[in-house]
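Read the structure below first, then the notes.
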Amino acid sequence: MAGSPRRAAGRRLQLPLLCLLLQGATAILFAVFVRYNPETDAAVWHSGNRSSSDNEFYFRYPSFQDVHVMVCVGFGFLMAFLQRYGFSSVGFTFLLAAFALQWSTLIQGFFHSLHGGHIHVGVQSMINADFCAAAVLISFGAVLGKTGPAQLLLMALLEVLLFGVNEFVLLSLLGVKDAGGSMTIHTFGAYFGLVLSRVLYRPQLEKSQHRLGSVYHSDLFAMIGTIFLWTFWPSFNSAPTMLGDGQHRTTLNTYYSLTASTLSTFALSALVGEHGRLDMVHIQNAALAGGVVVGTSGEMMLTPFGALAAGFLAGTVSTLGYKFFTPVLEAKFKLQDTCGVHNLHGMPGVLGALLGVLVAQLATHEAYGDGLGSVFPLVAEGQRSATSQAMYQLFGLLVTLTFASVGGGLGGLLLRLPFLDPPPDSQCYEDRIYWEVPGEREDEAQGSLRAEETDTRA
Amino acid sequence: MAGSPRRAAGRRLQLPLLCLLLQGATAILFAVFVRYNPETDAAVWHSGNRSSSDNEFYFRYPSFQDVHVMVCVGFGFLMAFLQRYGFSSVGFTFLLAAFALQWSTLIQGFFHSLHGGHIHVGVQSMINADFCAAAVLISFGAVLGKTGPAQLLLMALLEVLLFGVNEFVLLSLLGVKDAGGSMTIHTFGAYFGLVLSRVLYRPQLEKSQHRLGSVYHSDLFAMIGTIFLWTFWPSFNSAPTMLGDGQHRTTLNTYYSLTASTLSTFALSALVGEHGRLDMVHIQNAALAGGVVVGTSGEMMLTPFGALAAGFLAGTVSTLGYKFFTPVLEAKFKLQDTCGVHNLHGMPGVLGALLGVLVAQLATHEAYGDGLGSVFPLVAEGQRSATSQAMYQLFGLLVTLTFASVGGGLGGLLLRLPFLDPPPDSQCYEDRIYWEVPGEREDEAQGSLRAEETDTRA
Amino acid sequence: MAGSPRRAAGRRLQLPLLCLLLQGATAILFAVFVRYNPETDAAVWHSGNRSSSDNEFYFRYPSFQDVHVMVCVGFGFLMAFLQRYGFSSVGFTFLLAAFALQWSTLIQGFFHSLHGGHIHVGVQSMINADFCAAAVLISFGAVLGKTGPAQLLLMALLEVLLFGVNEFVLLSLLGVKDAGGSMTIHTFGAYFGLVLSRVLYRPQLEKSQHRLGSVYHSDLFAMIGTIFLWTFWPSFNSAPTMLGDGQHRTTLNTYYSLTASTLSTFALSALVGEHGRLDMVHIQNAALAGGVVVGTSGEMMLTPFGALAAGFLAGTVSTLGYKFFTPVLEAKFKLQDTCGVHNLHGMPGVLGALLGVLVAQLATHEAYGDGLGSVFPLVAEGQRSATSQAMYQLFGLLVTLTFASVGGGLGGLLLRLPFLDPPPDSQCYEDRIYWEVPGEREDEAQGSLRAEETDTRA
């Protein structure tokens, strides 16, 4: 059936039409709504009396570029660990990011930067769009190998919308702090993807089990993703914070948290590994949990020791999650989580939100001085006590979990539309359904094409 | 014959002598002409009353580093898609860049920054030198696999010179705007390489046809190049623009253009692919056309919608070029274009130049305000109308095509000098002629060396 | 014996316990000693009247990120050239960096930034910690494949301590200039590692000789490391220099020096190669020697020509070292240097120190103007003549060689502690001792696990 002519014709047209439709729609919306902001518009910028060096570009663009590398290189290669799904991992990451960046410019713009009916764009909106793309790619990790590109684009269509709503509720309505997105990005992206994956549960997935592992070099490709994520995570958490000490402090906290999660990941991985051997899955993923866990509190006065403790905890929880919890999720809860996003983004994201609750509660005028207004403006203005801010932070987590779960459920129903042509159970984690694939080596390249011809004729 | 002793001896000495000769010559010219500019010279900088933070370094160096990554990592790995030519792709990129950076410092310096008989260098000259190296590497893409390193160095020797002349004519004499180099870099590099490749036409190249494809992991290595190019292209186009809104706006336009070219590339690739499958060649290359196409107009008031439309068009044209035009070029025009630079740099470069003509013509005081002087100084000063500027832009394209074609023709004649030892028709796209190459795996490593020994003895 | 139950149990616990112990210790010391510096502390920063844009973050963070990429991506992948040791190369780099960054924050903090009993941290301390991690990773290169992770952590424990002492003696007590660390990083790291490797000499290492080579794709992974190191080295040497012209000039000098070392490496590699072929080992390593050799003098008025000459010399010496000196080191001096750190860091580091002596001696008021105080404060203040500064520089090299040698010797004795479980002579350069390793391809993955089971049962 996989090779039936109608199905092939459908597939040939489905992805192109969807891409063209989505691109056409966002282009029209861009034409109507999107305008340069005062820092990128020649006439407006020059009408002020500002020096070029005051342009926000010089304070945010280096961070933006690091975030951009994380989204495209980091997430893409991190998911390339599968032996026969590297093209899809890297390629669909690319496709999803390209669409999500445009679409979230619109959605986030409607919520956050509408001025006189126009959405204003600049380096801040670029950072925010990349953040939203990151959440989509986290969800992608949960369904990696089990969904086609048309399904993924629809997932992004819905997820970007809900991401924008959730972010608006948290940051604008509830006054919650979440610069690095422990809640808005990691918790949201993970549980959206996990619930979606639950709805798409495949009882016969063991038919593709033999493709679910890595090969030696695919694991090294994945490490490219890991290490760029690890290296640039301080820029991720600090990209949208207040300038000055806020941005500086956030990088420092994230840097230390990641070193601690790396050490605890190595410790735990060897401890629970067969014969004390390390598991690449843990190193590739859990070592990054230190970046997730300080996503909320990184800009606060967490202290360097606090960063180490948080990172250590996150690496531990994440590694144990991969070892003991992922199998249970699948066996008991019918939750197939290809990349283990529950361990890297879900649990550490929730932990990060709770850490934010704790650190917000400890916010005092003594600790922050006049900087309190930068980090907790509502507390500084006397509108809230620190405890009240902490309760809002906690409430923000609950809101996020709700939006993510409901959204993921809706997304799952959407993606089950029958004409969306998901890969059959026996062809999951396989590039060849969507890509022209050469062999590992020259002789194989010939062989695989011949085998494939036979396959589709059958 | 490939293994004849004289030839081997010639090869042994040719590359070393050429490297030493070129390095010696540039070193002497550096000693005579090259000096620190006022921002890098300790005495001059400190004689001013400027704060450290005014140093241009802080406004341009992050962009420079992104450009530098694109030139070395981006181009190098993008060309590593060939199954047996990865060492040469990455290695010769490295060699060519190293030489071109020195040589273009001199050439560009003579044309652009000669002060009292001395060439002044600093971060701007580093950016310009990297730009010139990019043009050389684009040309390299057209002849990839069919030329030896000594030939390539001679190509760079000539191309850097003509690049400098063409750039001087456009930017200084004609007052053409081309910050991101749709003309000076992409169009010039592509047509120089294409004409050169035409002159080096090999009717028997099918003897190496079996090595012209990728293998699974070589395609993933190429994606490293693609994604770094994609991620950093906003820095490329904005690196030399006016500070402030100009640099900021250029990054924004490039960012959006790239997202649109990515969507159109996926759409078109699936549409024209067998069974609706995506082709890695398209994704690796055509998705980048959005960066090329706004190389001229990116700093202008293109509008975000304009950027999307431009990128969409470029991705479409580029993908269709790979599918339908490249085979015709070879069959009808005897033009063997290994990397399809005509599709990624040639056509999108010309399109980008034409887009620059269009957007320049639309330049009004109303749209640019006092910023008009930054983008179109001659128009702001009343020396030219916008239409006249547009005509100059168009003329700049014609000049570039002329310089590139004549230069590529000369280059081809130069590279046909018989003692330059190009690879034989049966040994194209093969690292082993120039490199000590291990096998894919340990057992093969032994086997391949033995096979090679037999080979050279024959 | 490799599979004996006691040994396996020991290994299972050794690495985890050591990680936990070290992490626990540094965490406690962080809690007691480490505090935000005035640029990262909310209360202190906001108590000043400074603009956000004055925060040192904006002048140093982009450079820091480049350094961070070099340490994690650059060193990690550069060492991934071995066919079966990629997981360990990349993974242990990650582990060592994570620990060294924490530990050197403490050690360097005690020596350099103790304020009222507290260590102040910010972007400068992050750069310094990364520098120290780089030295540890250089030493790792000398013993790559012959040491287990527990041994390596102990090596880092000792080396970070001695690095801090040596750096303190040079920079603070002797007033030596060494911004890019020709002495403190490269010479120290190389000779520490080499002496340590000498103490760990394995006469039976030929049992693992067959694993000491690369395979085709492992060489390409290594080139990822090489090219990121090459690209970002200008940021490395300039990261801690004085702001303004100092940082700017250092990047320029390093940039040119690297281009020259690349050309001389290609020249020499082809000259000494069999049949004139290039050797990937040279390109991957010796081409970088230009960065090492201007580590001391890069911030001085070296002149662009001086940078070219220095780089040319370094590439030449380094390539010849790989070809002719490394075999002698092993045969005559029983020094097994896996990555050839003597050629990339040792000799070029010493050369760089001597170049610093020379350029310091030439320092005049005429050449530096009022900038003399930035580069040579003691000379500018009249406390020293330029010649005297040069002598201090030379003395700094001798001190470094002494600390490195004695430290490496001590380190070797420490690592020979019998319970540290090094890999047996027949299992060097092999990931499977420490990692769960899949095969190259699916069928092999099964095979290798089965073979391994048999292995450990034997």
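Lettering of chains follows the sequences in order, A, B, ..., and the numbering in each one begins at 1.
The closest side-chain heavy-atom distance from A:Tyr256 to C:Thr105 is below 4.5 Å. Side-chain contact between A:Pro234 and C:Tyr61 is present, with heavy atoms from C-beta onward closer than 4.5 Å. Side-chain contact check for C:Asp41 versus A:Met301: some heavy-atom pair is nearer than 4.5 Å. Counting only heavy atoms from C-beta outward, the side chains of A:Thr259 and C:Trp103 never approach each other to under 4.5 Å. Taking 4.5 Å as the limit, every side-chain heavy atom of A:Leu263 sits out of range of all side-chain heavy atoms of C:Leu22.
Taking the six-membered ring for Trp and the full ring otherwise, the centers of A:Phe266 and C:Phe99 sit at least 6.0 Å from each other.
Heavy-atom distances place the side chain of A:Thr226, and not its backbone, under 4.5 Å from chain C. For A:Ala260, the parts lying near chain C are the backbone and the side chain together; criterion is any non-hydrogen pair under 4.5 Å. Both the backbone and the side chain of A:Phe59 come within less than 4.5 Å of a heavy atom of chain C. Heavy atoms of A:Ala287 lying under 4.5 Å from chain C belong exclusively to its side chain. Both the backbone and the side chain of A:Pro304 come within contact range of chain C, judged by heavy atoms closer than 4.5 Å. For A:Ser264, no part lies under 4.5 angstrom from a heavy atom of chain C. Contacts of A:Leu308 with chain C are made by side-chain atoms alone, with heavy-atom separations under 4.5 Å and no backbone atom involved. Using a 4.5 Å cut-off between heavy atoms, C:Phe77 contacts chain A through its side chain alone, with no backbone atom that close.
Comparing C:Ala129, C:Gly122, C:Gly76 by how many heavy-atom pairs each has under 4.5 Å with chain A, the most go to C:Gly122. Of the residues considered (A:Leu258, A:Leu252, A:Thr262), A:Leu252 shows the highest number of contacts with chain C, using heavy-atom pairs under 4.5 Å. Ranked by heavy-atom pairs shorter than 4.5 Å toward chain A, the options C:Leu17, C:Thr40, C:Leu18 are led by C:Thr40. In terms of non-hydrogen atom pairs under 4.5 Å with chain C, the most contact-rich of A:Gln247, A:Met223, A:Glu366 is A:Gln247. Ranked by heavy-atom pairs shorter than 4.5 Å toward chain C, the options A:Asp279, A:Leu220, A:Ile283 are led by A:Leu220. The choice from C:Ala42, C:Ala27, C:Ala98 that makes the most heavy-atom pairs within less than 4.5 Å of chain A is C:Ala42. Ranking C:Thr26, C:Val44, C:Asp54, C:Asp431 against chain A, the residue ahead of the rest is C:Asp431, based on heavy-atom pairs under 4.5 Å. Here A:Tyr255 is the residue among A:Tyr255, A:Tyr368, A:Phe228 with the most heavy-atom pairs under 4.5 Å with chain C. Per-residue counts of heavy-atom pairs under 4.5 Å with chain A were compared for C:Thr93, C:Val90, C:Val73; the largest is that of C:Val73.
Under the ring-ring contact (aromatic ring centres under 6.0 Å, His included) criterion, A:Trp230 pairs with C:His68, C:Phe94, sequence neighbours left out.
Note that CZ of C:Phe64 is 8.0 Å distant from OG of A:Ser235, once rounded to the nearest 0.5 Å. The distance from the CG atom of A:Leu278 to the OG atom of C:Ser88 is 8.5 Å, given to the nearest 0.5 Å. In this structure, C:Leu95 CG and A:Thr265 OG1 are separated by 10.5 Å, a value rounded to the nearest 0.5 Å. In this structure, CZ in C:Phe221 is found 5.5 Å from CD1 in A:Ile224, a value given to the nearest 0.5 Å. Atom CG in A:Asp66 sits 8.0 Å away from atom CG in C:Asp66 (nearest 0.5 Å). Between atom CD of residue A:Gln65 and atom CD of residue C:Gln65 there is a gap of 12.0 Å, rounded to the nearest 0.5 Å.
Shown here for C:Trp435 and A:Met280, the closest heavy-atom pair between the two residues is CZ3-CE, 3.8 Å. A:His217 and C:Val215 make their closest contact through CE1-CG2, 4.2 Å (heavy atoms, listed as atom of the first residue, atom of the second, distance).
Stacking of A:Arg249 on the aromatic ring of C:Phe57 is not recorded, the 6.0 Å distance cut-off and the 45° axial limit not both being met.
A donor-acceptor contact closer than 3.5 angstrom is absent between the side chains of C:Tyr36 and A:Asp245.
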Stepwise side chain to side chain contact (heavy atoms under 4.5 Å, CB included) check, A:Phe305 with C:Val34: CA-CA 7 Å; A:Phe305 166 76; C:Val34 179; over 6 Å; no

